[in-house]
Amino acid sequence: MRMPTQWTIDPKSLSPFSAPGVFMRIAPELEKQIEPYRQISERVSCCVQFCFQISHDQFDKANELSGRKHLRAALTEFVSIEEVAKGDFGREMPKILNLYDGRLHVLRLLRHANIHGKATEIEPFLRPAVWPGPDGDVEFNYIGYRIPNLMDEVKKSKQWNKYSPADLSSIVAWLEQDQSSWGIQNSIVRAAEQYVRILLR
């Protein structure tokens, strides 16, 4: 039996996240703003660190499990931001499900699937990129990681059917596009950044 639709998203929220910088981090000005909020700062830092590990795991069969573990850990730290926000701010703060940003919703679904089921598999890809160095542009191959069969992975969460078919299709299509641009690791870091921006408003 299908559960009633309870959660909605704003299709206008599904814009691409920005590309990663030279160092994996949230925006420097946000890092400074969240310094007084110890628990949030810690969760964001851990999320970024686990995403960094995804980026730098040597991807072969021996390390495949490591990449999946770091993905699960990064998603867990991202969602845990909402769990500690009340303690840091001293009042109720908006949960992801209270927001209409579909980008946050789909990553929350993916976290739910990873916590309550088998760890999601990832695969590497290369794309050309340019780093604007002090001596001029440096061209290199950026290594990203993506989740194959993304809709199947999201549906491992028991909460996927709380979205309308149109909303679910939209948020999964967005994440498919975003992870194919700069990797799932960048999508998670930028989602943490976006959620922090909302909390600081």
Side-chain angles (χ1 to χ4, degrees), residues 9-32 44-79 81 101-111 113-114 119-154 168-197:
I9 60 100
D10 180 1
K12 294 179 181 177
S13 70
L14 301 176
S15 57
F17 279 137
S18 60
V22 177
F23 303 105
M24 183 163 286
R25 63 191 299 188
I26 65 167
E29 73 274 9
L30 280 180
E31 289 179 344
K32 282 191 166 298
V44 171
S45 177
C46 288
C47 178
V48 172
Q49 181 62 33
F50 286 127
C51 287
F52 173 83
Q53 290 298 126
I54 296 170
S55 297
H56 289 78
D57 280 334
Q58 182 65 39
F59 197 91
D60 53 34
K61 287 298 179 183
N63 289 303
E64 190 173 354
L65 177 59
S66 177
R68 296 203 305 271
K69 287 194 303 185
H70 288 135
L71 173 65
R72 173 184 277 169
L75 289 165
T76 299
E77 294 296 333
F78 159 62
V79 175
I81 296 169
D101 193 323
R103 301 171 298 182
L104 308 186
H105 280 249
V106 69
L107 287 165
R108 182 187 177 280
L109 275 177
L110 197 56
R111 176 263 184 191
N114 272 263
T120 295
E121 295 186 5
I122 56 176
E123 59 185 23
F125 67 90
L126 294 176
R127 64 163 293 173
V130 176
W131 175 56
D135 298 321
D137 290 348
V138 179
E139 297 182 3
F140 66 102
N141 283 323
Y142 174 84
I143 303 175
Y145 288 85
R146 63 182 301 277
I147 299 168
N149 306 314
L150 187 57
M151 180 64 85
D152 291 341
E153 292 298 323
V154 167
L168 184 70
S169 178
S170 293
I171 60 179
V172 171
W174 170 82
L175 185 55
E176 180 63 62
Q177 177 62 43
D178 201 74
Q179 71 164 356
S180 296
S181 295
W182 296 106
I184 187 65
Q185 66 272 39
N186 185 65
S187 300
I188 298 170
V189 169
R190 297 299 163 223
E193 184 178 78
Q194 173 65 8
Y195 189 34
V196 167
R197 288 188 191 280

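The figures that follow rest on heavy atoms only: side chains count, while hydrogens, waters and symmetry mates do not.
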Closest contact, heavy atoms only, [X] versus [Y]:
X	Y	value
Ile143	Gln185	O-NE2, 3.5 Å
Arg111	Leu75	CG-O, 3.5 Å
Ile9	Gly102	CG2-CA, 3.6 Å
Ala119	Asn114	CA-OD1, 3.5 Å

Next on the checklist: When you measure from the side chain of Asn186 to the backbone of Ser18, do you find a donor-acceptor pair of N or O atoms at a distance under 3.5 Å?
Outcome noted: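 Yes, the answer is positive, given that a donor and an acceptor are paired below the 3.5 Å cut-off.
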
Checklist entry - Does Arg127 reach the main-chain N or O of Ser181 with its side chain, forming a donor-acceptor pair under 3.5 Å? => result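 Indeed, once roles are kept as given, a pair shorter than 3.5 Å links the two residues.
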
Checklist entry - So does Phe23 have more than 12 non-hydrogen atoms from other groups sitting under 6.0 Å from CZ? => result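 Not buried by this count: 12 neighbours or fewer within 6.0 Å.
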
Item to check | Over 12 non-hydrogen atoms of neighbours within 6.0 angstrom of CG in Leu30 | outcome: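 Correct, the count exceeds 12.
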
Quick one: [atom1] on [X] to [atom2] on [Y], what's the gap to the nearest 0.5 Å?
X	Y	atom1	atom2	answer
Asn149	Glu121	CG	CD	9.0 Å
Ser15	Asp178	OG	CG	9.0 Å
Glu123	Arg146	CD	CZ	5.0 Å
Phe50	Thr76	CZ	OG1	8.5 Å
Ile147	Ile184	CD1	CD1	4.0 Å
Ile81	Tyr195	CD1	OH	7.5 Å

Checklist entry - Got a sec, which pairs hit salt bridge (charged side-chain N to carboxylate O under 4.0 Å, His left out) with one end in residues 181-193, sequence neighbours left out? => result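 Pairs touching residues 181-193 that pass the test: Arg190-Glu193.
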
Next on the checklist: Centre-to-centre under 6.0 Å for Tyr142 and Trp182, is that the case here?
Outcome noted: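 Tyr142 vs Trp182: aromatic centres under 6.0 Å.
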
Checklist entry - Looking at residues at least two apart in the chain, or sitting in another chain, which of them share a side chain to side chain contact (heavy atoms under 4.5 Å, CB included) with Val130? => result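 Only Asp137, Glu139 meet the side chain to side chain contact (heavy atoms under 4.5 Å, CB included) criterion with Val130.
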
Checklist entry - Taking only residues two or more places apart in sequence, or in another chain, which ones meet Ala191 in a side chain to side chain contact (heavy atoms under 4.5 Å, CB included)? => result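 Only Phe17, Phe78, Leu104, Leu107 meet the side chain to side chain contact (heavy atoms under 4.5 Å, CB included) criterion with Ala191.
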
Next on the checklist: Could you check whether any side-chain heavy atom of Val44 comes within less than 4.5 Å of a side-chain heavy atom of Glu31, counting everything from C-beta outward?
Outcome noted: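 They are not in side-chain contact.
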
Item to check | Minimum side-chain heavy-atom gap Val189-Pro20 below 4.5 Å | outcome: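 Not in contact.
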
Next on the checklist: Pair Val106, Leu150 - check side chain to side chain contact (heavy atoms under 4.5 Å, CB included), show working.
Outcome noted: CA-CA 10 Å; Val106 69; Leu150 187 57; 5.8 Å; no

Checklist entry - Does a donor on one side chain and an acceptor on the other come within less than 3.5 Å for Ser187 and Arg103? => result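 Looking only at side-chain atoms, Arg103 and Ser187 do not form any donor-acceptor pair under 3.5 Å.
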
Next on the checklist: Between Lys12 and Asp10, does any NZ, NE, NH1 or NH2 come within less than 4.0 Å of an OD or OE carboxylate oxygen?
Outcome noted: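 Salt bridge absent between Asp10 and Lys12.
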
